[in-house]
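Every number for a ligand or one of its atoms is a count from 1 in the order of the listing. These numbers come from the heavy atoms of this one structure, side chains and all, not from hydrogens, waters or symmetry mates.
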Amino acid sequence: MIPVLAIDGPSGSGKGAVGAAVAHRLGWHYLDSGAVYRALGLAALWAGVACDDGRALTDLAQGLELRFVPGSGDEPAVFVNDRECTTLLRGPEAAAAASQVAVIGSVRTALLARQQAARRPPGLVADGRDMGSHVFPDAFLKIFLTASAEVRAQRRYDQLKAKGFSVTLPKLIGEIRERDERDINRPVAPLKPARDAVVLDSSDLGLNDVIDRVVAMVEGRLGS
Ligand code: DC
């Protein structure tokens, strides 16, 4: 059985940075499932499909082409339906669209096999909202990474500023609360820790501390 480490949590909890770094340390594959929903959100905006049109979004999800092309920078270039959108994918527009398309059950089903296909030897680190609860229920370790809304907004602010987006902290705090609300209260695959998840609050921890703790937990479970 190929081992899966599931890292779930709200926006800005640091699960992306932690997941990618832990995958790198272990030499495992990495799935950024949020990128899949963001890609669909962008594809919908480009195609003029409303973010609540379930049937059209499901068709779009089935035909979605998402490619990560490693380049010279830290992050790979991202192509959605052959359109380069590396920066756009990380922006607030894609985030808002992703959060809306993600509430539709048939869209989630259409994207399930694509996410599960990322499980390849020697192992997978998967980050998102429902990795431990739905996509990889047999993950050997499930971590629910969280932090206060203020800390998460500050992290997002720093990231987006560095990428050249024009954002303000109060607006980001509002957006994060709004997105949490939608992600937590949706009937399909709501954002909540899996029953057997370890909850890790990173509000007062630096990135490297979180990475070290997660790697230690993995090694503890795998017995290496
Ligand atoms: O992690 P992120 O900010 O890139 O996620 C963007 C949106 O996608 C988020 O609002 C909820 C949705 N999402 C989801 O519903 N399920 C996942 N496994 C990953 C993301």
Side-chain angles (χ1 to χ4, degrees), residues 4-20 30-45 51-52 54 57-58 60-61 64 66 68 75-76 78 80 85-119 124-137 139 142-147 149 152-153 155-160 163 165 167 172-194 197 202:
V4 175
L5 164 63
I7 306 182
D8 290 302
S11 169
S13 58
K15 60 192 186 323
V18 171
Y30 168 59
L31 169 68
D32 171 3
S33 65
V36 179
Y37 287 92
R38 285 168 180 262
L40 181 61
L42 281 183
L45 293 176
C51 283
D52 59 355
L57 287 169
T58 306
L60 215 51
L64 186 72
L66 174 61
F68 293 90
E75 290 184 41
V78 188
V80 174
C85 58
T86 316
T87 304
L88 203 58
L89 192 81
R90 298 289 153 208
E93 212 187 8
S99 172
Q100 290 176 60
V101 303
V103 302
I104 301 169
S106 56
V107 164
R108 303 194 74 87
T109 305
L111 295 176
L112 187 63
R114 176 190 300 266
Q115 295 171 77
Q116 289 171 335
R119 185 175 200 164
L124 175 71
V125 179
D127 96 50
R129 303 292 191 287
D130 61 343
M131 297 296 101
S133 54
H134 282 85
V135 181
F136 302 107
K142 301 174 185 179
I143 294 177
F144 191 85
L145 192 60
T146 187
R152 291 187 283 125
R155 289 177 185 162
R156 262 289 131 90
Y157 177 83
D158 295 342
Q159 279 169 359
L160 291 173
K163 286 184 198 253
F165 286 100
V167 283
L172 275 182
I173 294 178
E175 283 172 6
I176 282 209
R177 291 219 165 101
E178 195 181 310
R179 209 135 64 89
D180 281 357
E181 183 76 15
R182 191 158 47 218
D183 293 347
I184 290 167
N185 293 314
R186 67 185 179 207
V188 189
L191 170 68
K192 64 166 190 222
S202 72

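- In terms of polar-atom proximity, defined here as any N/O pair under 3.5 Å, K15 does make such a contact with ligand 1.
- Remark: the backbone N or O of F144 is not paired with any side-chain donor or acceptor of D8 at under 3.5 angstrom.
- Under the rule for a side chain to side chain contact (heavy atoms under 4.5 Å, CB included), the partners of S106 that lie at least two apart in sequence or sit in another chain are T58, I104.
- Two residues are said to be in side-chain contact when any heavy atoms from C-beta on lie closer than 4.5 Å; V107 and L111 meet this criterion.
- Nearest protein heavy-atom contact of atom 12 (C) of ligand 1 is A102 CB, 3.8 Å.
- Within the structure, side chain to side chain donor-acceptor pair (under 3.5 Å) pairs that include any residue of residues 33-42 comprise Y37-R108 (at least two apart or interchain).
- Here the protein heavy atom with the shortest distance to atom 1 (O) of ligand 1 is R129 NH1, 2.8 Å.
- At the top of the distance list for atom 4 (O) of ligand 1, counting protein heavy atoms only, stands R38 NE, 2.6 Å.
- Residue contacts with ligand 1 for M131 involve side-chain atoms from C-beta outward but no N, CA, C or O (heavy atoms, distance under 4.0 Å).
- R156 and Q159 share a donor-acceptor pair across their side chains, judged by distance under 3.5 Å alone.
- For atom 18 (N) of ligand 1, the nearest non-hydrogen atom from the set V101, L40, D127, D130 comes from D130.
- Atom numbering of ligand 1 starts at 1 in the shown order; those under 4.0 Å from a heavy atom of D183 are 9 (C), 10 (O), 11 (C).
- The closest side-chain donor-acceptor pair between S11 and R179 falls under 3.5 angstrom.
- The protein non-hydrogen atom at the shortest distance from atom 7 (C) of ligand 1 is A98 CB, 3.6 Å.
- Of the polar atoms of D32, none of the N or O atoms is found under 3.5 Å from an N or O of ligand 1, judged by distance alone.
- Note: E93 CD to L42 CG = 7.0 Å, rounded to the nearest 0.5 Å.
- Distance from atom 6 (C) of ligand 1 to its nearest protein heavy atom, with residue and atom name: R179 NH1, 3.7 Å.
- Side-chain contact between E175 and V167 is absent, with no heavy atoms from C-beta onward closer than 4.5 Å.
- Taking the side chain as every heavy atom from C-beta outward, D127 and D32 approach each other to under 4.5 Å.
- Looking only at protein heavy atoms, the nearest one to atom 8 (O) of ligand 1 is Y37 CB, 3.5 Å.
- Distance from atom 19 (C) of ligand 1 to its nearest protein heavy atom, with residue and atom name: S33 OG, 3.4 Å.
- Neither the backbone nor the side chain of D8 comes within contact range of ligand 1; no heavy atom lies under 4.0 Å.
- Residue contact annotation: R186 has a non-hydrogen atom under 4.0 Å from ligand 1.
- Of the protein's non-hydrogen atoms, the one nearest atom 20 (C) of ligand 1 is G34 CA, 3.6 Å.
- Closest approach of R155 and S13 over heavy atoms only: NH1-O, 3.2 Å.
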